[in-house]
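Presented below is the structure to which this report refers.
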Amino acid sequence: MRSYSFTHAITRCPPASAIHGLRAVDTGSPDLDLMRAHHADYIAALKSTGATVVELPALEAFPDSLFVEDTALCLPQGAVVMRPGAPSRLGEAAEMAPQLQALYREVRQIEGAGNFIEGGDILTTETEVLVGRSARTNAGGVAELAGIVADWGYKLREVFTPPGVLHFKTDCSLLDGDTILSTERLDASGCFTGYRVIHTAPGEEASANAIRFNDLVLFPAGFPRTRDKLVAAGYTLREIGNSECAKLDGGMSCLSLRFSPS
Ligand code: CIR
């Protein structure tokens with residue numbers, strides 16, 4: 001199952017400057033020590049599945065650089081370096097490119113000057129690449145990515161992130177080859193027709209951003225009703241604290257790039 005079986009992940013240590021990271025609503029500064037402790041738990045969970053985790057050092061010049069997912073799309077055939085729509089994050093993608101070049105034979109790049117796209121808006125399933133237009137991802141970015149992944153045999157489908165939601169995957173996650181965890185508000189858009197969908201429990205929308213990584217689902221701590229639904233559905237969950245990244249609108253998927261390089 002290429003959409004959730006991975007040999008590798010890349011993470012980046014939270015910089016001290018993360019306290020200045022972007023956020024839609026200010027709910028207070030993240031506690032850096034606690035954020036780093038959660039980050040260590042996250043890496044340990046990835047490693048416990050047998051994967052190799054490339055742990056990159058902190059980049060102080062980029063407060064949001066721990067959220068490596070936004071810098072690239074990693075597929076078995078190759079990687080695509082993104083062009084983040086947040087101006088303060090553009091340079092993060094350039095920092096990631098050489099890391100990917102060291103691991104992949106083919107690394108492509110979103111290049112169009114007016115094209116923007118962030119990895120948090122991309123959900124790869126067994127059969128397609130779903131990309132949600134958002135405040136960070138525009139039509140040009142989606143079209144450019146569509147051309148690249150078509151060369152690797154992927155069908156890309158453009159969908160829409162609900163207004164006020166940062167990224168498409170803020171509201172959904174892949175649980176297995178044909179099952180999606182989604183908020184009701186995103187599922188109501190009809191974008192998951194044909195998939196089996198499990199909804200987050202009412203009031204627990206912030207738990208929609210989880211990741212399936214090999215045999216585990218890494219799931220944010222503090223959402224007991226959604227957790228119980230997933231356990232009852234047969235998934236093996238590893239709960240990871242996310243209180244500090246949540247203050248910067250970050251979650252489980254944002255903290256890694258996950259892949260099996262060709
Ligand atoms: C940002 O606003 O860009 C960061 N504070 C959070 C990025 C979260 N990334 C993700 O959902 N993939």
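Because only heavy atoms are used, hydrogens play no part in the values below, and waters and symmetry mates are left out as well, while side chains stay in. When a ligand or atom number is given, it counts from 1 through the structure's own listing order. Just so it is clear, the model here is predicted, and its values are computed rather than measured.
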Candidate list Asp171, Thr200, Leu174, Val197, test side chain to side chain contact (heavy atoms under 4.5 Å, CB included), partner Leu181, passing option: Thr200
Nearest-neighbour protein heavy atom for atom 9 (N) of ligand 1, which is reported as residue plus atom name and distance: Asp70 OD2, 2.8 Å
Taking distance alone, no hydrogens or angles, what donor-acceptor pairs closer than 3.5 Å link side-chain atoms of residues 9-19 to residues at least two apart or in another chain?
| unit_1 | atom_1 | unit_2 | atom_2 | d |
| --- | --- | --- | --- | --- |
| Arg12 | NH1 | Pro57 | O | 2.6 |
| Ser17 | OG | Glu60 | O | 2.8 |
| Ser17 | OG | Glu60 | OE1 | 3.3 |

Mutual orientation of the aromatic rings belonging to Phe192 and Tyr195 [parallel < 30°, tilted 30-60°, perpendicular > 60°]: perpendicular
Arg136, portion touching ligand 1 at heavy-atom distance under 4.0 Å: side chain
Nitrogen or oxygen of Cys254 less than 3.5 angstrom from that of ligand 1: no
Within-4.5 Å side-chain heavy-atom neighbours: Met35 and Leu66: yes
Check: Thr170 N/O within less than 3.5 Å of ligand 1 N/O: no
Part of Glu118 with heavy atoms under 4.0 Å of ligand 1, whether side chain, backbone, both or neither: neither
Any N or O of Gly21 closer than 3.5 Å to N or O of ligand 1: no
Salt bridge present between Asp41 and Arg238 (N-O < 4.0 angstrom): no
NZ/NE/NH1/NH2 to OD/OE distance under 4.0 Å, Glu55 and Lys47: yes
NZ/NE/NH1/NH2 to OD/OE distance under 4.0 Å, Glu144 and Arg83: no
Atom 4 (C) of ligand 1: the protein heavy-atom neighbour that sits closest, reported with distance to 0.1 Å: Asp64 OD1, 3.3 Å
Closest approach of any protein heavy atom to atom 6 (C) of ligand 1, naming residue and atom: Leu248 O, 3.1 Å
Whether Arg23 lies under 4.0 Å from ligand 1, heavy atom: no
Heavy-atom check, side chain of Tyr42 versus side chain of Leu218, under 4.5 Å: yes
Atoms in ligand 1 flagged as close to Asp249, the criterion being non-hydrogen separation under 4.0 Å: 6 (C), 8 (C)
Leu22, portion touching ligand 1 at heavy-atom distance under 4.0 Å: both
Nitrogen or oxygen atoms of Arg89 and ligand 1 under 3.5 Å apart: yes
